[in-house]
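All values below were derived from every heavy atom in this structure, side-chain atoms included, with hydrogens, water molecules and symmetry-related copies excluded. Convention: sequence-line order gives letters A, B, ...; per-chain numbering from 1.
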Amino acid sequence: MAKQEEVILLDFWGSMYGMRVRIALAEKGVSYEYKDEDLRNKSHLLLDMNPVHKKIPVLIHNGQPICESNIILEYIDEKWKDKSPLLPCDAHGKARARFWADFIDKKVFQNIRTLLYTPKGEKHEAARKDLIDSLKVIEEELGDKPYFGGESFGYVDVCLIPFYTRFHAYETYGELNIEQECPKLIVWAKICIQKHESVSNVLPESLKIHGLVQQLRKIRGVDE
Amino acid sequence: MADEVKLYAAAPSPYVFRAKLALSIKGVKFEYINEDLGNKSAELLKYNPVHKKVPVLVHNGNAISESLVIVEYIDEVWKGVPILPQDPYEKAIARFWAKFIDDKCIPTAFKAFGSNGDEQVVTEAREQLQILENELKVKGTKFFGGDNINLVDIAGSVIAYWVGIFQDATGLELITKEKFPKITVWAEDFVNLEVVNQALPPREDLVAFFKKMFGKA
């Protein structure tokens with residue numbers, strides 16, 4: 001008889017990093033228990049399972065915690081290898097995927113944070129410029145392929161797609177119209193959403209995210 | 001058909017060292033191409049157009065960039081002495097600590113060495129190192145990889161060797177035996193491993209280079 005797998009995800013509904021993990025689990029058809037964290041009042045479980053960073057997402061698999069979203073993605077891909085492979089088989093393909101995931105983390109997601117949660121000024125402007133440049137580099141990497149990995153939805157697509165949820169926020173708070181700057185990325189994002197239930201079921205509505213960004217800006221003192 | 005392996009490098013870089021060490025561990029023959037970082041070669045810019053940095057590994061014409069990505073690639077392509085654990089969970093733990101070193105230890109340490117002894121900055125660097133110290137204590141093994149070195153030890157070579165050089169270059173004693181007994185012993189054991197020792201760039205050259213870099217020359 002198959003061993004009962006216990007899979008728990010500690011997460012926050014609005015987190016782009018958390019969305020990556022939820023999409024990957026959905027792609028693999030893994031059943032799991034979802035626990036939404038109040039990030040201003042973190043649970044004992046979260047503090048226990050990620051004592052170093054105290055951050056979500058954390059995947060707890062049969063009692064063992066795995067932290068850091070990209071590391072969790074690789075773990076999921078390896079543990080549930082029978083369905084929807086996220087990484088390519090060949091070492092070079094894997095290295096390329098890891099390179100782009102690292103780029104997305106450092107040059108896209110970090111700049112998004114600064115763009116949305118820093119008041120207007122030098123830092124904000126620098127982040128805005130770097131973000132646009134970085135998105136254009138990514139768009140060039142995508143080229144005419146349907147997905148970053150080629151014909152199949154994979155690791156890099158999963159890493160990047162959550163950025164689409166902040167679409168309206170970039171315009172409102174960053175004067176950044178992604179459709180104008182990177183039209184191919186918008187086409188790619190819409191394909192991911194239309195063709196993959198794992199994505200459309202996971203990504204929250206952009207209005208809900210916009211409300212979250214508004215709230216966080218107030219909490220962090222960026223807006224009144 | 002023989003493998004063609006090239007490493008675009010620069011001796012002072014701890015990131016380059018990671019790739020060099022991984023290749024040495026696997027016994028891979030490679031061409032070491034020394035880059036003048038003030039005047040980068042056309043090949044380097046071709047092979048790493050996004051970041052234009054070293055190290056870049058070029059294997060049979062395929063370019064791989066980012067030191068930890070390179071190390072994982074080397075581990076996958078060349079069997080023999082393993083660098084990452086086989087078990088997916090243990091692998092995730094190794095990746096976690098390698099990332100911790102990159103994301104937390106190195107930037108805070110660098111800031112501390114460049115800070116002219118700013119107490120807050122130095123304290124922050126020590127706080128991150130303390131987390132690593134605790135991990136070594138809890139593990140109770142010689143290396144992060146157990147009896148043998150793994151991805152984390154390789155990532156940590158910057159702490160084992162370069163931090164000592166930065167200390168000499170700037171006069172800031174970030175890591176002392178009293179404050180970090182486990183890291184101190186681990187560092188000595190790591191540097192004294194034959195495969196590591198043979199690959200490390202000479203200390204004096206590096207001290208001179210970093211003295212200049214930190215503005216202390």
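When heavy atoms are compared at a cutoff of 4.5 Å, A:Q64 approaches chain B by way of both its backbone and its side chain. Only the side chain of A:H53 has a heavy atom closer than 4.5 Å to any heavy atom of chain B. Of the two parts of B:H51, only the side chain, counted from C-beta on, holds a non-hydrogen atom closer than 4.5 Å to a non-hydrogen atom of chain A. For chain B, the nearby parts of A:P65 are the backbone and the side chain; heavy atoms of each come within less than 4.5 Å.
Ionic pairing of A:K94 and B:E72 is not present here: no N-O contact between side-chain nitrogen and carboxylate oxygen is shorter than 4.0 angstrom.
Contact between A:D102 and B:E66 at its shortest, heavy atoms only, is OD2-OE1, 3.3 Å. Among all heavy-atom pairs drawn from A:A95 and B:I64, the shortest one is CB-CG2, 3.7 Å.
Distance check, rounded to the nearest 0.5 Å: CD of B:E76 to SG of A:C89 gives 11.0 Å. If you take CD1 on B:I93 and CD1 on A:I66, they are separated by 7.5 Å, rounding to the nearest 0.5 Å. If you take CD1 on B:I70 and CZ on A:F99, they are separated by 10.0 Å, rounding to the nearest 0.5 Å.
A:R113 CZ: 12 or fewer foreign heavy atoms inside a 6.0 Å radius. Applying the 6.0 Å contact sphere to CG of B:D147 captures no more than 12 heavy atoms from other residues, nucleotides or ligands. The number of heavy atoms from other shown groups lying within 6.0 Å of NZ (A:K42) is above 12. In this structure, A:K123 places its NZ atom where only 12 or fewer heavy-atom neighbours from other residues, nucleotides or ligands lie under 6.0 Å away.
With contacts defined as side-chain heavy-atom distances shorter than 4.5 Å, the pair B:F96/A:V52 qualifies.
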Exercise. I would like to know whether A:E74 and B:K91 meet salt bridge (charged side-chain N to carboxylate O under 4.0 Å, His left out); could you show each step before the answer?
Key: CA-CA 9 Å; A:E74 291 221 37; B:K91 215 183 271 192; over 6 Å; no
Quiz item: Yes or no on side chain to side chain contact (heavy atoms under 4.5 Å, CB included) for B:V69 and A:W100, after CA distance, side-chain angles and deciding distance?
Solution: CA-CA 10 Å; B:V69 176; A:W100 286 108; over 6 Å; no
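Between chain B and the residues A:E140, A:H61, A:E68, A:R96, the largest count of heavy-atom pairs under 4.5 Å involves A:E68.
Ring geometry for B:Y89 against A:Y75 counts as perpendicular: the plane angle is over 60°, on a 0 to 90° scale with 30° as the lower cut. Below 30°, between 30° and 60°, or above 60°: for B:Y73 and A:H92 the angle between ring planes is above 60°, a perpendicular geometry.
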